[in-house]
Structure formats: structure tokens, C-alpha cells
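Worksheet: the structure to be examined is printed underneath.
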Amino acid sequence: MDVSVIGISAEAAEIYRYFLRHRGEGVGTLPEALGMDPDTVETAVETLGKLSLLDLADRHRVVATEPRVGIERLVEKRLNELNAEIRRVLAARDAISVFVEDKQEGERAATMLDIERVEGLQRVRQRLDDLAFFSYKETLCLHPGGPWNRAMIEAALPLDTRSLRRGLALKGVYHPKALDDPAMMSYLRELVSLGAHVRLTEQPMDRMLIYDRSVAVVPIDPKESAKGALLVREPGLVSQLVIYFEGMWKSAVDFREFTEPSTEEPSLSEMEQRVLEVMATADKDEIAARELDISVRTYRRYVADLMARLGAVNRFQAALRAKEENWI
């Protein structure tokens, strides 16, 4: 018989049964009658008293409570406790929906790209000011259009000057159209004089700013930049935009070389002379390299170097400039 579920130990159950059989006996006879330790007896008797199974008003004449009353009361109490516990356990199911919502939110956050949409020219300028202020390494810029207006130049020059004086690297690629305005030309000359790196290219490119290679800014609508900008912080996307910038940078011509071309006669090696001649006639690099009896990689290295010296953005332009300069 196990009644521990209602709070009665084996010793207490034996003592309760003893008093049911021996009405009017005292507590003092229990250790000897049951062969129990006096402390164990005392503890068990106190427990039975608290459970109202023994009337201990007179410890010399203990009266046991009717089992159908006392035990049933304890069973009912325990059932109520168990029912309450079951209700609490079942109520925990309500948390499932909350946890599911948290999980779904986490999944949405994991799949959502870190791109912020900023609308309105004024708000975009404010965010650019903040990004420039907190940059600590470099700013990369692609500007495909014509010259900026006076307001844009006046807003940009203090920020760029401050960045350069803080030791940041500024690298910008512009379209030659940007030099059509004297104010824009003066702005770029000022930047170069302060240590900025400026290049020019006629190749098509997308408008873009990159701060510390961690945040890229591109227009919401490339055809109408005044609509606003997208601030991209997603590492994978920013990395690809940096690669795109570096490709444009390598193909562009240095600002000083573009605006003040060298008048000195070029010193060409015999192989460079031959490469220039083949560039004007060969359709493919493989054919040109075979004709010169050099590897394709070596041929392309010669071509890249000659294009840079000629300030050309493509091979066709390089061939034309070489002829204009009487290099070939």
C-alpha cells in the first residue's frame, strides 16, 4: 500500500493504522509497540496531525480520524492540486504561438537583406553627411554624369576636405563631361591638391558611393537620383560593388594625366612598338600574341600598360591616340 502520493509516509501510514486498531492509546507507547525510532515516530505523528488524520488534543489518548473522511479529504485535495497543475501545463501550449511568431520573425530577419531606403534629396544628403563623418578609412565614388551644380559642390567640398585632413583616402571616378564646368574643374583640382585620387573614364558606369567598404549608397532610380537612395550594408552585395568600382578604377585615366597630358616623347621598346602595331590590326588577343611569339598573358600586360600611358579607356582609342602621337 503506497499512500505517499497524498503526503503519508510508510511510517505514518503504519502509525495511523495502529491508532485505528488501538483507540485511545497514547503516543508514548508507539516506539516500543512498533519498534520505531522515537524521532521517526514524533515526525510521523506530527505529519498525521497536520493532515487531520489524528486528533492530538490529548497525546495520551489519540483518536484516529475516520478513513472515509480523512483519506477522502486528502485524495480530493491532491486531485485539486493535480488538476491545477494540469491546467498550468496545458496553459503552456499558449506559448507555442508566441514562440512560433518569434521563430518566423527570426527567419524573416535572416532572409531580409540589410538595405535601407532613404527618400528625398534632403534626407539623403543628411545620411551622406553622417556616413562621411563616421568613416575612418576611405570613400569610393563613381559619378557618371556631367558637372554638379554649385549647391552640390559647396556642400561636398567641406566634407571631402575634412575627410582628407583626417587621413581618409578618397578615390573617385568621373566622366569627362564633369570637367565641362569651371566650378567642377576647380573642385576636382582642389581635391587632388589635398591628396584625393581622381580618375576619368568615358565608359558607362552607375552612380555609387562606398564608405569603408561596409556601406554602399546607390540611387533608388538611376535615371532620377533626386528620388532617394538605397543604403546597402549587406556584406555580399557591398563586396560585389567594391569589385565593380575597382574594375572601373583600373580602366580610368588619372586626372592630371587627362587634363595635362605629357608632351615628352615616349620611350618605347621594340616589343611595345610591335604591340601597338598589332593592336591596330589583330582582332583577338590570341592571334596578336601568336604573331608576336609571346603568351596571351604577356601580351595583355603590354596592352594594359600602353593604354595607361596613352590615357585610353579601350584598345581602339589607344590605337587612335598612338597614331595621333606618332607612336606608330
Side-chain angles (χ1 to χ4, degrees), residues 1-119 123 126-127 130-131 133-134 136 212 214-215 230-239:
M1 178 185 63
D2 183 8
V3 286
S4 60
V5 70
I6 56 175
I8 302 175
S9 67
E11 294 81 5
E14 189 173 349
I15 292 171
Y16 178 57
R17 295 180 67 191
Y18 176 85
F19 282 117
L20 287 172
R21 295 192 301 266
H22 303 84
R23 295 177 61 84
E25 291 283 345
V27 174
T29 63
L30 288 177
E32 183 178 353
L34 298 177
M36 292 185 183
D37 178 74
D39 291 337
T40 302
V41 169
E42 185 63 27
T43 301
V45 168
E46 290 297 325
T47 300
L48 292 169
K50 291 178 181 178
L51 294 176
S52 299
L53 292 177
L54 294 180
D55 181 357
L56 300 175
D58 184 355
R59 296 177 71 88
H60 296 289
R61 294 182 60 80
V62 177
V63 178
T65 305
E66 163 65 38
R68 283 185 291 269
V69 175
I71 300 299
E72 185 63 34
R73 184 171 60 243
L74 292 177
V75 169
E76 184 177 354
K77 177 183 177 184
R78 184 57 179 151
L79 286 175
N80 289 336
E81 292 174 349
L82 290 173
N83 285 332
E85 183 67 16
I86 290 171
R87 286 193 295 271
R88 286 196 296 272
V89 172
L90 292 176
R93 287 178 174 172
D94 296 338
I96 293 175
S97 59
V98 177
F99 293 144
V100 168
E101 289 178 4
D102 292 338
K103 179 176 180 293
Q104 292 173 343
E105 183 177 343
E107 291 173 346
R108 287 194 296 270
T111 57
M112 187 181 301
L113 296 179
D114 193 352
I115 299 176
E116 178 185 356
R117 183 185 179 100
V118 181
E119 298 184 357
R123 289 190 61 207
Q126 181 59 52
R127 296 308 301 275
D130 293 341
L131 289 170
F133 181 82
F134 289 106
Y136 66 94
D212 293 339
S214 60
V215 183
L230 300 175
L231 275 60
V232 182
R233 292 183 173 84
E234 193 67 26
L237 291 178
V238 175
S239 176

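Residue indices begin at 1 and follow the sequence shown. Just the heavy atoms: all of them, side chains too, but no hydrogens, waters or symmetry mates, feed the values below.
Sorted by first and then second residue, the ring pair (Phe, Tyr, Trp, His ring centres under 6.0 Å) pairs with a member in residues 20-78 read Y18-H22; sequence neighbours excluded. Sorted by first and then second residue, the pairs that involve residues 69-79 and meet side chain to side chain donor-acceptor pair (under 3.5 Å), not counting sequence neighbours, are R78-E81.
Residues V3 and A13 approach most closely at CG2-CB, 4.0 Å, considering heavy atoms. Contact between M36 and E14 at its shortest, heavy atoms only, is CE-OE1, 3.4 Å. Taking all atoms of both residues into account, the shortest heavy-atom contact from P67 to L20 is CG-CD1, 3.9 Å.
The shortest side-chain heavy-atom distance between F134 and D212 does not fall under the 4.5 Å cut-off. Using a 4.5 Å heavy-atom cutoff, the side chains of V89 and I86 are not in contact. Between Y16 and I71 the shortest side-chain heavy-atom distance falls below 4.5 Å. Within the 4.5 Å cutoff, no side-chain heavy atoms of E25 are placed close to those of V62. The shortest side-chain heavy-atom distance between V27 and I15 does not fall under the 4.5 Å cut-off. In this structure the side chain of V215 never reaches within 4.5 angstrom of the side chain of V238, judged on heavy atoms. No side-chain heavy atom of E116 sits under 4.5 Å from any side-chain heavy atom of L230. In this structure, the side chains of D114 and L231 stay at 4.5 Å or more apart for every pair of heavy atoms.
The pair E66-R23 does not meet the salt-bridge criterion, since no charged nitrogen lies less than 4.0 angstrom from a carboxylate oxygen.
Atom CD in Q126 sits 5.0 Å away from atom CG in D130 (nearest 0.5 Å). The structure places OG1 of T43 at 8.0 Å from CD of E46, a figure rounded to the nearest 0.5 Å. Here the straight-line distance linking atom CD1 of I115 with atom CD of E234 works out to 7.0 Å at 0.5 Å rounding.
Around atom CZ of R17, no more than 12 heavy atoms belonging to other residues, nucleotides or ligands sit under 6.0 Å away. For R21, the CZ atom counts as densely surrounded, since its 6.0 Å shell holds more than 12 non-hydrogen atoms of other residues, nucleotides or ligands.
A side-chain contact (heavy atoms from CB on, under 4.5 Å) with L56 is found for exactly one of V63, L48, V45, namely V45.
Distance alone, capped at 3.5 Å, places no donor-acceptor pair between the S4 side chain and the G7 backbone.
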TODO: For the pair I8 and L53, evaluate side chain to side chain contact (heavy atoms under 4.5 Å, CB included) and give the outcome as yes or no after the intermediate values.
DONE: CA-CA 10 Å; I8 302 175; L53 292 177; 3.4 Å; yes

